[in-house]
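I have placed the structure first, in the form of structure tokens, so that the comments after it can refer back to it.
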Amino acid sequence: MNNGGGGVGKHRIDDILNELGMNPDAARARRAATPPGESEAKPSAGPLPTMPSHQAVATLPDLRAIDQKGKVFADFYMPDPTEREGNSLARLEQLVLERNILPGDKLAIAANVLKQSPGRRLAEVLSEQGADEALLQQAVADACGIAFERVDLEKGLDGGFDGKMLQRLTPEYCKEAMIAPLRREGQRVVIGVARHDEIVLRLDDIAQKLGVKGVKVVLAPALDIRAAIEIVGGAGAAQEQGVDLTEILSEVDEGDVQVEKSKSEQVDLEKEAAESPVIRYVNYIIQNAVKEGASDIHIEPGEKKLKVRFRIDGELFEMMNPPASMAAAITSRLKIMANLDISERRLPQDGRIRCTVQGRKLDLRMSTLPNTYGEKTVMRILDQKSISVSLDQLGFDEDSLQIWKKQIDAPHGIILVTGPTGSGKTTTLYASLRQLDKSSMNISTVEDPVEYHLDGITQTQMHDKIGMSFSAALRALLRQDPDVIMLGEIRDMETAHIAVQAALTGHLVLSTLHTNDAPSSITRLVNIGLEPFLVGAAVNAVLAQRLIRRLCVHCKAQERPSEDMTEFLEMQGMDTGEMWVSKGCDKCRKTGFSGRVGIYELLVVDDQLRDIVARNPNVAEFRRLCLERGMVSLRNDGMRKVKKGLTTVQEVIRVTEAH
């Protein structure tokens, strides 16, 4: 038997114990009979037995007393607190109370549930009682003496965790074992685990699959591990679609793409689309779009050239100009990936591509539209990572954030989010739904289409062609005993009427409207056909929002404003000494901006405003009244962002010029 500490992963625990002549059953009996605290103070390790384990039964020494291998065991193996008597369990309960992870009454309930449910873990029961999973896992780690780490999901595959090793283990295996490879440390790999008491039996298997000598285990929250697995995605599912780009993209080089020009219009499009240069060029386009952080890809055929543009931070940038003769082949390749009809070039088509790019699972929502020189193709990149943000990260100021959180915790009423397409309404609604207690509430959505999937929430796809409209779906949802309903959009009188009735009968309804500001949403509902007194009674709050570009942190600078700008800043009550400006550098494509942040206009409908709404005021009058009562306009919120150095005055004016 090899005594090197790094070789433990190659042996199964039973084999180790047999070689040491130890019987696990006898060891458990001995530990149960030992008073708390004595086992570690008086290790019972002695000379190894000279006879085989089947001829004599030896007691199991304390794992920490086993030389070399015991040191490795001590790094990762400590029983779950729910399986240990005395000090460890008491220590976990003490930490839960000391750190305010859960109040004492909830802890008592958890202890009672644990007594009636043999075999369950205390941490699992505490989580069900509402304990924060990350804080709870930290307490479990401290109680057991195990290292604790959060998975850095912001860095993701760029240092947060190892996507290649996760794919090597397969997402299915990692999901079953609740593990995520984090990084390499010399000859061993660091694995984040959610259930440390079960991982010991998988260590040799993990080491063999990854081809490493040793495995170091740290405790990590299950939510982090699930998110890491979700980012990498199910490679198996992608392969069934036939669109796993990871392997191909690793060999892509822009200079290696050789384009064969078409000699005639009569070509076999399917054969041409299957040619290697076309496949690799399409992969190159998608890979670069993901790398640049684009939200949309536009492929636009022209008379002499093919234009490829990416929408980045809300602005379109021309990125590539392949030969016009490639247009039909690229479009056909994308149609094949989206399972569309490549022979139909006269009608618009819509489809969806599921693919894996650089270890990240993506959905591309594709649309084609015939034009003079072929077909224009637009793809919206739906990345689960981009939608997985909390309300705290969206750009709310502290006061608005607290008011908004209070509104979404209301038991009933209508909450509206308004703004043009691409203003971040879906992100705000999804972040709001994540704030709700999904374990104790029935939350359902009706969307057109369902772009992102949320755990613990029932999401319904709208199908107008078969009569599954927003109103029909909402009417069906009301028979499903819902607590919270999210409607993709209130478009017509029937949907608006059912939403109001749902709000007045004890349901919380979240939805969107396409209006320029918050007060306009109230008059829009009246114009749709609702009675003003019903609108005033049902609507609790309206949030108008826009997305403005954020200054690049690498090149932003301060300069003295011009005379005209100085006058404008004085009108806004701002400092006229220096102002933030965009400069531009290589990291922001010379634009001076990188990323976006939200600006918000939050209208809370109180009793006085309900009376005003019932009198059906015009838009201008109602907006003036709202501002007098303290509503912060979109422009004013934008100016607050300017003061913080997040954006520029020009950017705020550009986005809010209608206000």
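The model shown is predicted, which means the values in this text are computed figures rather than measured ones.
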For [X], side-chain contact (heavy atoms from CB on, under 4.5 Å) partners two or more places apart:
X	result
Q650	M565, M579, T648
S469	D464, S471, A472
I466	H463, M468

Side-chain atoms of residues 219-226: list all donor-acceptor pairs with protein atoms under 3.5 Å, sequence neighbours left out, distances to 0.1 Å.
from : atom 1 : to   : atom 2 : distance (Å)
D224 : OD1    : R150 : NH2    : 3.0
D224 : OD2    : R150 : NE     : 2.6
D224 : OD2    : R150 : NH2    : 3.4
D224 : OD2    : V151 : N      : 3.1

Legend entry - Working for side-chain contact (heavy atoms from CB on, under 4.5 Å), residues L429 and L433: CA-CA 6 Å; L429 285 175; L433 290 179; 5.6 Å; no

Could you tell me if the side chain of [Y] sits less than 4.5 Å from the side chain of [X], heavy atoms only?
X	Y	result
Y284	M320	yes
I191	M165	no
S432	L391	yes
M337	V282	yes
I457	M486	no
I548	V597	yes
Q461	P449	yes
V484	I408	no

Inset, instruction - Please identify each residue that fulfils side chain to side chain donor-acceptor pair (under 3.5 Å) with K641, with sequence neighbours left out. - result: D637

Quick check: does any side chain N or O of [X] sit under 3.5 Å from a backbone N or O of [Y], one acting as donor and the other as acceptor?
X	Y	answer
K587	V553	no
R635	T656	yes
K425	P420	yes
Q545	G419	no
E318	K307	no

Looking at every non-hydrogen atom in both residues, tell me the closest pair between [X] and [Y] and how far apart they are.
X	Y	result
I330	Y281	CD1-CD2, 4.0 Å
V450	Q459	CG1-NE2, 3.7 Å
Y452	I381	OH-O, 4.3 Å
I297	A289	CD1-CB, 3.5 Å
L210	R168	O-NH1, 3.6 Å
V212	Q187	CB-O, 3.8 Å

To the nearest 0.5 Å, what is the distance between [atom1] on [X] and [atom2] on [Y]?
X	Y	atom1	atom2	answer
T512	L416	OG1	CG	8.5 Å
I312	F310	CD1	CZ	7.0 Å
S400	E601	OG	CD	10.5 Å
E489	L513	CD	CG	7.0 Å
K590	C555	NZ	SG	8.5 Å
Q287	C355	CD	SG	11.5 Å

Legend entry - side-chain contact (heavy atoms from CB on, under 4.5 Å) evaluation trace for L454 with T445: CA-CA 10 Å; L454 300 174; T445 74; 5.6 Å; no

Carboxylate-amine/guanidinium contact [X] [Y], below 4.0 Å:
X	Y	result
K556	E651	no
R589	E315	no
D397	K644	no

Legend entry - Heavy atoms of other groups near K175 NZ, more than 12 under 6.0 Å: no

Inset, instruction - Check whether NZ of the Lys or CZ of the Arg R202 lies under 6.0 Å from the centre of the six-membered ring of Y173 and within 45 degrees of that ring's axis. - result: yes

Inset, instruction - Name all residues meeting the ring-ring contact (aromatic ring centres under 6.0 Å, His included) criterion together with F470; count only those two or more places apart in sequence or in a different chain, and write none if there are none. - result: none

Legend entry - Trace of the side-chain contact (heavy atoms from CB on, under 4.5 Å) decision for F593 with T591: CA-CA 5 Å; F593 298 94; T591 63; 4.2 Å; yes

Legend entry - Worked check of salt bridge (Lys or Arg N to Asp or Glu O under 4.0 Å) between K216 and E149: CA-CA 12 Å; K216 177 184 176 182; E149 282 190 31; 5.7 Å; no

Legend entry - Residues E185, R188; criterion side-chain contact (heavy atoms from CB on, under 4.5 Å); working and verdict: CA-CA 5 Å; E185 289 184 354; R188 65 179 180 175; 3.8 Å; yes

Legend entry - Sole candidate of L166, V190, D162, V189 that passes side-chain contact (heavy atoms from CB on, under 4.5 Å) when paired with L182: V190

